[in-house]
Amino acid sequence: MTKNMKSCQWLFENLSNIIVLDAGIIKPGDKGRYRPAAIIPDARRFDISNNLSDEYSNMPNMMCSEQVFQAEMRQLGINDTDTVVVYDDKGLFSAARAWWMFKAMGFDQVFILDGGLKQWMALGYETVTEYASVEHIGNFTAQSRAHYFIDKEQVLAGISDPEVMMLDARGEQRFKGIGKEPRAGMRSGHIPHSVNLPYTSVLTEQGLLKPLPELAQLLNSLGVNEQVKTLQFSCGSGVTACILALVALECGYSSLHVYDGSWSEWGQLEDYPVAVSEN
């Protein structure tokens with residue numbers, strides 16, 4: 001198992017000592033509320049798109065304030081000494097966002113369930129229909145690490161820096177500017193000099209993370225090497241970009257930064273440059 005992920009077997013064996021959080025969300029363009037097929041026993045709800053989004057932003061899934069995050073984690077009964085495992089219902093989609101949010105708030109005892117709910121159910125482990133009730137308020141303390149999330153100005157400054165590389169987790173068609181954006185009012189294309197690494201390409205068909213040697217080779221093939229000092233990550237709304245941050249961290253890279261606004265913001269900024277690919 002990797003440094004930042006836990007297997008379903010490990011979780012099953014340690015379930016009584018772990019805080020489990022369902023961090024699933026609905027995909028952009030889908031309507032309705034998030035309704036998972038099942039729930040892992042004792043799981044609590046980590047609601048990225050609502051309670052844990054910046055209520056003052058007009059963009060989806062933007063990181064909430066340190067104060068809000070701390071208050072919400074305490075309401076979930078989480079203590080500073082706890083170990084947390086996050087998962088989602090799609091294998092690996094939004095769980096990495098929850099993991100990155102915890103790390104951005106200074107909490108490192110957080111892990112992702114490899115394969116998520118899909119793998120848990122495929123292996124025949126028990127599920128329930130309701131989230132666990134929280135009996136005690138936690139003492140979780142948030143201590144923001146500002147560099148984990150970056151803004152549009154930091155991205156703009158990195159475009160001309162040869163030591164900075166931006167990896168875009170969106171699908172190839174959207175990256176090239178051929179595919180339609182799922183959100184209205186978006187320009188098509190990508191941030192200039194960014195490189196496309198669709199998040200689906202780092203996962204197996206079962207939603208598990210591919211072996212690390214394979215992931216390291218993939219990054220290297222895109223030009224991620226010792227000349228690159230800083231990696232930035234973008235996607236549609238800052239969610240799947242965190243999967244690429246996970247991959248880079250697992251492969252030993254540091255100085256990693258997720259562009260929180262991602263294409264939801266950049267695609268609306270008429271004064272910011274956009275590139276398209278013709279083939």
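- Gln154 places a side-chain N or O within donor-acceptor distance of the main-chain N or O of Asp151, the cut-off being under 3.5 Å.
- Here Phe111 pairs with nothing under the ring-ring contact (aromatic ring centres under 6.0 Å, His included) rule; sequence neighbours left out.
- Glu172 approaches Pro198 most closely through the heavy-atom pair N-CG, 4.2 Å.
- Tested against Tyr199, the residues Leu246, Leu92, Thr240, Asp168 include a single side-chain contact (heavy atoms from CB on, under 4.5 Å) partner, Thr240.
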- Start with the C-alpha distance between Met101 and Met63, add both sets of side-chain angles, then the distance that settles side chain to side chain contact (heavy atoms under 4.5 Å, CB included), and finish with yes or no. CA-CA 7 Å; Met101 290 169 73; Met63 181 69 192; 3.6 Å; yes
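- Between the side chain of Arg187 and the backbone N or O of Gly177, no donor-acceptor pair lies under 3.5 Å.
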- Go through the steps for Gln227 and Glu163 under the test side chain to side chain contact (heavy atoms under 4.5 Å, CB included), then give the verdict. CA-CA 6 Å; Gln227 276 76 46; Glu163 295 186 345; over 6 Å; no
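- Using a 30° and 60° split on the angle between ring planes, Trp100 and Tyr148 fall in the tilted class, from 30° to 60°.
- Residues Gln9 and Glu13 have side chains that bring a donor and an acceptor to within less than 3.5 angstrom of each other.
- Val239 is not connected to Ile150 by any chain of hydrophobic side-chain contacts under 4.5 Å among Ile, Leu, Val, Met, Phe, Trp and Tyr, and they are in different clusters.
- A donor-acceptor pair is defined here as one N or O able to donate and one able to accept, closer than 3.5 Å; no such pair exists between the side chain of Arg170 and the backbone of Ser234.
- A salt bridge does not link Lys90 with Asp88: every distance from a Lys NZ or Arg NE/NH1/NH2 to an Asp or Glu carboxylate oxygen is 4.0 Å or more.
- Under the 3.5 Å distance criterion, with hydrogens and angles disregarded, a donor-acceptor pair is assigned to the side chains of Asn4 and Glu250.
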- Between Asn17 and Thr83, is a side chain to side chain contact (heavy atoms under 4.5 Å, CB included) present by the stated rule, with each step listed? CA-CA 8 Å; Asn17 302 314; Thr83 296; over 6 Å; no
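- If you look at Phe69 and Phe107, their ring centroids are not closer than 6.0 Å.
- In terms of modelled atom types and a separation under 3.5 Å, the side chain of Asp82 and the main chain of Val84 share no donor-acceptor contact.
- For the pair Arg174 and Trp263, the NZ or CZ position fails the cation-pi test of under 6.0 Å to the six-membered ring centre and within 45 degrees of the ring normal.
- In this structure the side chain of Ile78 reaches within 4.5 angstrom of the side chain of Leu21, judged on heavy atoms.
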- Query: Can Tyr272 and Glu265 be said to form a side chain to side chain donor-acceptor pair (under 3.5 Å), step by step?
  - Reply: CA-CA 10 Å; Tyr272 284 65; Glu265 179 176 54; over 6 Å; no
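- Between Ile18 and Asp42 the shortest side-chain heavy-atom distance does not fall below 4.5 Å.
- In this structure a side-chain-to-backbone donor-acceptor pair under 3.5 Å is missing from Ser49 to Asn61.
- Two different hydrophobic clusters hold Ile112 and Leu117 under the rule that ILVMFWY side chains link at heavy-atom gaps under 4.5 Å.
- We find that Asp108 and Arg145 are joined by a salt bridge, their nearest charged nitrogen and carboxylate oxygen being less than 4.0 Å apart.
- Here the closest heavy-atom approach between residue Phe233 and residue Ala248 is recorded as CZ-CB, 3.7 Å.
- At distances below 3.5 Å, not a single donor-acceptor pair connects side-chain atoms of Thr230 with backbone N or O atoms of Val164.
- In this structure, Val155 and Tyr259 approach most closely via the heavy-atom pair CG2-CG, 3.6 Å.
- Between the Ser53 side chain and the Ile48 main chain, a donor and an acceptor come within less than 3.5 Å of each other.
- If you chain together hydrophobic residues whose side chains sit under 4.5 Å apart, Ile191 and Phe149 never meet in one group.
- Counting only distance, with no hydrogens or angles, the side chain of Lys229 and the backbone of Glu226 share a donor-acceptor pair below 3.5 Å.
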- Could you go step by step and tell me if Met5 and Trp99 meet the side chain to side chain contact (heavy atoms under 4.5 Å, CB included) rule? CA-CA 10 Å; Met5 305 190 79; Trp99 163 81; over 6 Å; no
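- Using modelled atom types, one finds no donor on one side chain facing an acceptor on the other under 3.5 Å when comparing Asp114 with Ser7.
- Side-chain atoms of Ser94 do not come within 3.5 Å of backbone N or O of Arg97 as any donor-acceptor pair.
- Note on Tyr34 and Val20: same hydrophobic cluster, where clusters join Ile, Leu, Val, Met, Phe, Trp and Tyr whose side-chain heavy atoms are under 4.5 Å apart, directly or indirectly.
- Checked by atom type and distance alone, the side chain of Ser277 never pairs as donor or acceptor with a backbone atom of Lys176 at under 3.5 Å.
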Report all side-chain donor-acceptor pairs from residues 123-141 shorter than 3.5 Å, counting only partners two or more places apart or in another chain.
from: Tyr131; atom 1: OH; to: Asp22; atom 2: OD2; distance (Å): 2.7
from: Asn139; atom 1: OD1; to: Asp80; atom 2: N; distance (Å): 2.9
from: Thr141; atom 1: OG1; to: Asp80; atom 2: OD2; distance (Å): 2.9
from: Thr141; atom 1: OG1; to: Asn139; atom 2: O; distance (Å): 3.3

